Amino acid sequence: MAQLLAIARNIYLIDPVTGTYKEYNNEDWSSTVSGALIPSTRKIYVTTTFNNLWELSLADNNIRKISWDGWSACNTLVAVPDDPNECTYKLFAFCHKLWLVDDPNTGHCIDFLGGYTDIWARVNAAVAVGQKIFATTSANNLWTVDIVTKETKKLGGGSDNWSNCRALANVGGRLLAFCLGLWEVNTNNGDYTPFFDKDSEEANRSWLGTKAVTVIDTCVYVVVGEQLLALDTVSKKIKEVSKDNWGSTKALFSIKQSDEPILSTL
């Protein structure tokens, strides 16, 4: 059974069915800006407003600071499959440039694209779908970056209001955008349609309060305001997972059974 790991003021493990949780780390993580899980190494990387890059190893519960240089400018971290079979991953950081963290053990980075310096500082949400990164910006744009060919292009029309996008989610290759509404996005051209049927009770729900999302199978777990919700993308039903206040959440991850050693310390 997969678990949720939430980085809030502290770090918690949450049962996605019952909403019960246990504290995993009691340090203060309220300075967290972004985070990404590398499934192949079972490590989570976190940037903070204190210019730090942290590494959380799920295999041995070790937490260490690996870099002290300029990470407060990083808006988003993204883990992208390095091969179609998703056996290995690369770590990318959207800062004033798009950095490839070519050595996660030290935090060493290289300029992946060699430009676009005024674009990537405006990224407000990003996710990988296959070997492509999709990113929205405060300039109302949706961009895609192919990590194999380095092809970079803007999708959709110039009037699309991507500036209010709070999170992107990959659900089995489907791209969902949590903005004022919840949209399903065509990954080929950037066109988008409402996720919910127009007559459903969820059609007018605002997602502007979205703080973090993660996916387990076909279910998206999302922190909106103070609530932790589960969105079943098949039935399109929403339920509240926990009655507790999750408003301080900065990042949310799904931890699979292969990551279970972290539970042995609780």
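Side chains are part of it too, since the values below use all heavy atoms of this structure and drop only hydrogens, waters and symmetry mates. This one's a predicted model, so the numbers in the text were calculated from it and none came from an experiment. Along the sequence shown, residues are numbered consecutively beginning with 1.
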Student: Let's go through Leu4 and Ile216 carefully: what are the C-alpha distance in whole Å and the side-chain angles of both, what is the deciding distance for side chain to side chain contact (heavy atoms under 4.5 Å, CB included) to 0.1 Å, and is it a yes or a no?
Tutor: CA-CA 9 Å; Leu4 300 174; Ile216 298 177; 3.8 Å; yes
Student: If only atom types and distance count, is the side chain of Asp232 paired as donor or acceptor with the main-chain N or O of Val234 below 3.5 Å?
Tutor: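 Such a contact is found between Asp232 side chain and Val234 backbone.
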Student: Report yes if some heavy atom in the side chain of Arg64 is under 4.5 Å from a heavy atom in the side chain of Asn105; otherwise report no.
Tutor: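 They are in contact (side-chain heavy atoms under 4.5 Å apart), so the answer is yes.
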Student: Is a donor from one side chain sitting under 3.5 angstrom from an acceptor on the other, for Asp69 and Ser67?
Tutor: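 On atom types as modelled, these side chains do not qualify, holding no pair under 3.5 Å.
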Student: Could you report the tightest heavy-atom contact between Gly181 and Trp207, atom names first, then the distance?
Tutor: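 The pair with the smallest heavy-atom distance is C-CD1, 3.7 Å.
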Student: Compare every heavy atom of Lys43 with every heavy atom of Ser57, then report the nearest pair and how far apart it is.
Tutor: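 Here Ser57 and Lys43 meet closest at CA-CG, 4.1 Å.
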Student: For Trp68, is there any backbone N or O sitting under 3.5 Å from a side-chain donor or acceptor partner on Asn51?
Tutor: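 Such a contact is absent between Asn51 side chain and Trp68 backbone.
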Student: With distance as the sole criterion, is a donor-acceptor pair present between the side chains of Asp15 and Thr20 under 3.5 Å?
Tutor: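 There is no such pair between these side chains.
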Student: Return the minimal non-hydrogen interatomic distance between Pro16 and Val241, and the atom names on each side.
Tutor: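 Nearest heavy atoms, Pro16 then Val241: O-CG1, 3.6 Å.
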Student: Side chain to side chain donor-acceptor pair (under 3.5 Å) between Thr136 and Asn124: does it pass, once the steps are laid out?
Tutor: CA-CA 6 Å; Thr136 60; Asn124 48 23; 2.4 Å; yes
Student: May I have the step-by-step check of ring-ring contact (aromatic ring centres under 6.0 Å, His included) for Trp162 and Tyr192, ending in yes or no?
Tutor: CA-CA 11 Å; Trp162 295 108; Tyr192 55 90; 5.3 Å; yes
Student: Do Ser40 and Thr88 pair up side chain to side chain, a donor and an acceptor below 3.5 Å, judged on atom types alone?
Tutor: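 Looking only at side-chain atoms, Thr88 and Ser40 do not form any donor-acceptor pair under 3.5 Å.
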Student: Is there a side-chain contact between Lys22 and Tyr24 (heavy atoms, below 4.5 Å)?
Tutor: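 SC-SC contact between Lys22 and Tyr24 ruled out.
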Student: Checking Trp29 against Ile63 for the side chain to side chain contact (heavy atoms under 4.5 Å, CB included) test, could you report, in this order, the C-alpha distance in whole Å, the side-chain angles of both residues, the deciding distance, and whether it holds?
Tutor: CA-CA 12 Å; Trp29 291 90; Ile63 298 176; 3.9 Å; yes
Student: How long is the gap from OG on Ser248 to NZ on Lys211, to the nearest 0.5 Å?
Tutor: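 Between Ser248 OG and Lys211 NZ, I get 8.5 Å after rounding to 0.5 Å.
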Student: Mark yes when over 12 heavy atoms from residues, nucleotides or ligands other than Glu201 sit less than 6.0 Å from its CD; otherwise mark no.
Tutor: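 Check fails, neighbour count at 12 or below.
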Student: Short question: side chain of Lys236, backbone of Phe195 - any donor-acceptor pair under 3.5 Å?
Tutor: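 Checking the backbone N and O of Phe195 against the side chain of Lys236, a donor-acceptor pair under 3.5 Å is found.
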Student: I need the minimum non-hydrogen distance between Leu98 and Asp111, along with the two atoms involved.
Tutor: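 Leu98 and Asp111 have their closest heavy atoms at O-OD1, 3.8 Å.
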Student: Going by salt bridge (Lys or Arg N to Asp or Glu O under 4.0 Å), name the residues that satisfy it together with Glu184, two or more places apart in sequence or in a different chain.
Tutor: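 By the salt bridge (Lys or Arg N to Asp or Glu O under 4.0 Å) rule, Glu184 matches Arg174.
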Student: Would you mind telling me which of Trp71, Phe112, Trp120 makes a ring pair (Phe, Tyr, Trp, His ring centres under 6.0 Å) with Phe94?
Tutor: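 Of the listed residues Trp71, Phe112, Trp120, the ring pair (Phe, Tyr, Trp, His ring centres under 6.0 Å) partner of Phe94 is Trp120.
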Student: Should Leu182 and Leu231 count as side-chain neighbours, where that means a heavy-atom distance under 4.5 Å?
Tutor: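 A side-chain contact exists here, since the closest heavy-atom pair is under 4.5 Å.
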Student: Please walk me through it: do Phe134 and Val185 pass side chain to side chain contact (heavy atoms under 4.5 Å, CB included)?
Tutor: CA-CA 10 Å; Phe134 291 84; Val185 185; over 6 Å; no
Student: Compare all side-chain heavy atoms of Leu155 with those of Lys153 and state whether any distance is below 4.5 angstrom.
Tutor: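 Sidechains of Lys153 and Leu155: in contact.
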Student: Crowded around Asn62 CG? As in, over 12 foreign heavy atoms under 6.0 Å?
Tutor: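 Counting neighbours around CG of Asn62, more than 12 heavy atoms of other residues, nucleotides or ligands fall under 6.0 Å, so yes.
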Student: Using 0.5 Å steps for rounding, measure from the CG atom of Leu168 to the CZ atom of Phe178.
Tutor: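 Taking CG in Leu168 and CZ in Phe178, the distance rounds to 9.0 Å.
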Student: With a 4.5 Å heavy-atom cut-off, do Thr144 and Thr187 have their side chains touching?
Tutor: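 Counting from C-beta outward, Thr144 and Thr187 never come under 4.5 Å.
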Student: Is Arg205 close to Ile238 at the side-chain level, that is, under 4.5 Å between some pair of heavy atoms?
Tutor: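 Yes, at least one pair of side-chain atoms sits under 4.5 Å.
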Student: Is there a path of hydrophobic side-chain contacts, each under 4.5 Å between heavy atoms of I/L/V/M/F/W/Y residues, joining Val148 to Ile110?
Tutor: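 Ile110 and Val148: one cluster.
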Student: Is it the case that one hydrophobic cluster holds both Leu252 and Ile11, taking links as side-chain heavy atoms less than 4.5 Å apart, direct or via other members?
Tutor: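 Hydrophobic grouping puts Leu252 apart from Ile11.
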Student: Establish whether Leu100 and Ile38 are linked, either directly or via other cluster members, by ILVMFWY side-chain heavy-atom contacts under 4.5 Å.
Tutor: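 Leu100 does not cluster with Ile38.
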Student: Would you say the side chain of Ile147 lies within less than 4.5 Å of the side chain of Phe92, judging by non-hydrogen atoms?
Tutor: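 Yes, at least one pair of side-chain atoms sits under 4.5 Å.
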Student: Side chains of Val33 and Lys250: closer than 4.5 Å at any heavy-atom pair?
Tutor: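 A side-chain contact is absent here, since even the closest heavy-atom pair is not under 4.5 Å.
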Student: Using every non-hydrogen atom in the two residues, find where Val224 and Ser206 come nearest and quote the distance to one decimal.
Tutor: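 Heavy atoms only, the tightest pair is CG1-O, 4.5 Å.
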Student: Keeping the roles fixed (side chain from Arg9, backbone from Ser30), state whether a donor-acceptor pair exists under 3.5 Å.
Tutor: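 No, the answer is negative, given that no donor and acceptor are paired below the 3.5 Å cut-off.
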Student: What's the separation between atom CG in Leu58 and atom CD1 in Ile44, rounded to the nearest 0.5 Å?
Tutor: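 It is 4.5 Å, given to the nearest 0.5 Å.
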Student: Does this structure show an ion pair linking Asp82 with Lys90, if we count only N-O contacts that are shorter than 4.0 Å?
Tutor: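 Salt bridge flag = yes for Lys90 with Asp82.
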Student: Could you state the interatomic distance from CH2 (Trp54) to NZ (Lys65), rounded to the nearest 0.5 Å?
Tutor: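 NZ of Lys65 is found 5.0 Å from CH2 of Trp54.
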Student: Okay, side chain of Ser254, backbone of Val215: is any donor-acceptor separation there less than 3.5 Å?
Tutor: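 Present.
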Student: To the nearest 0.5 Å, tell me how far Leu175 CG sits from Asn170 CG.
Tutor: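 So the gap between those two atoms works out to 7.5 Å.
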Student: Quick check on side chain to side chain donor-acceptor pair (under 3.5 Å): which of Asn75, Thr76, Thr47, Thr48 does Ser34 satisfy it with?
Tutor: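 Checked Asn75, Thr76, Thr47, Thr48 against Ser34; only one passes side chain to side chain donor-acceptor pair (under 3.5 Å): Thr47.
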Student: Rounded at 0.5 Å granularity, tell me how far NZ in Lys154 sits from CH2 in Trp143.
Tutor: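 CH2 of Trp143 is found 5.0 Å from NZ of Lys154.
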Student: Under 3.5 Å, is there a donor-acceptor pair between the side chain of Asn245 and the main chain of Gly247?
Tutor: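 Side chain of Asn245 to backbone of Gly247, a donor-acceptor pair under 3.5 Å: yes, one is there.
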Student: So, for Ala126 and Val78, which heavy atoms are closest and what is the spacing to 0.1 Å?
Tutor: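 Taking Ala126 first and Val78 second, the nearest heavy atoms are CB-CG2, 3.6 Å.
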Student: So if you build clusters from Ile, Leu, Val, Met, Phe, Trp, Tyr with side-chain heavy-atom gaps below 4.5 Å, do Val46 and Ile255 land together?
Tutor: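 Same hydrophobic cluster.
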Student: Does one hydrophobic cluster hold both Ile14 and Phe253, with members joined at side-chain heavy-atom distances below 4.5 Å?
Tutor: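 No, because Ile14 and Phe253 fall into different hydrophobic clusters, even though each may have its own neighbours under 4.5 Å.
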Student: Just do the side chain to side chain contact (heavy atoms under 4.5 Å, CB included) check on Asn161 and Leu180 with the steps written out, would you?
Tutor: CA-CA 9 Å; Asn161 194 12; Leu180 176 59; over 6 Å; no
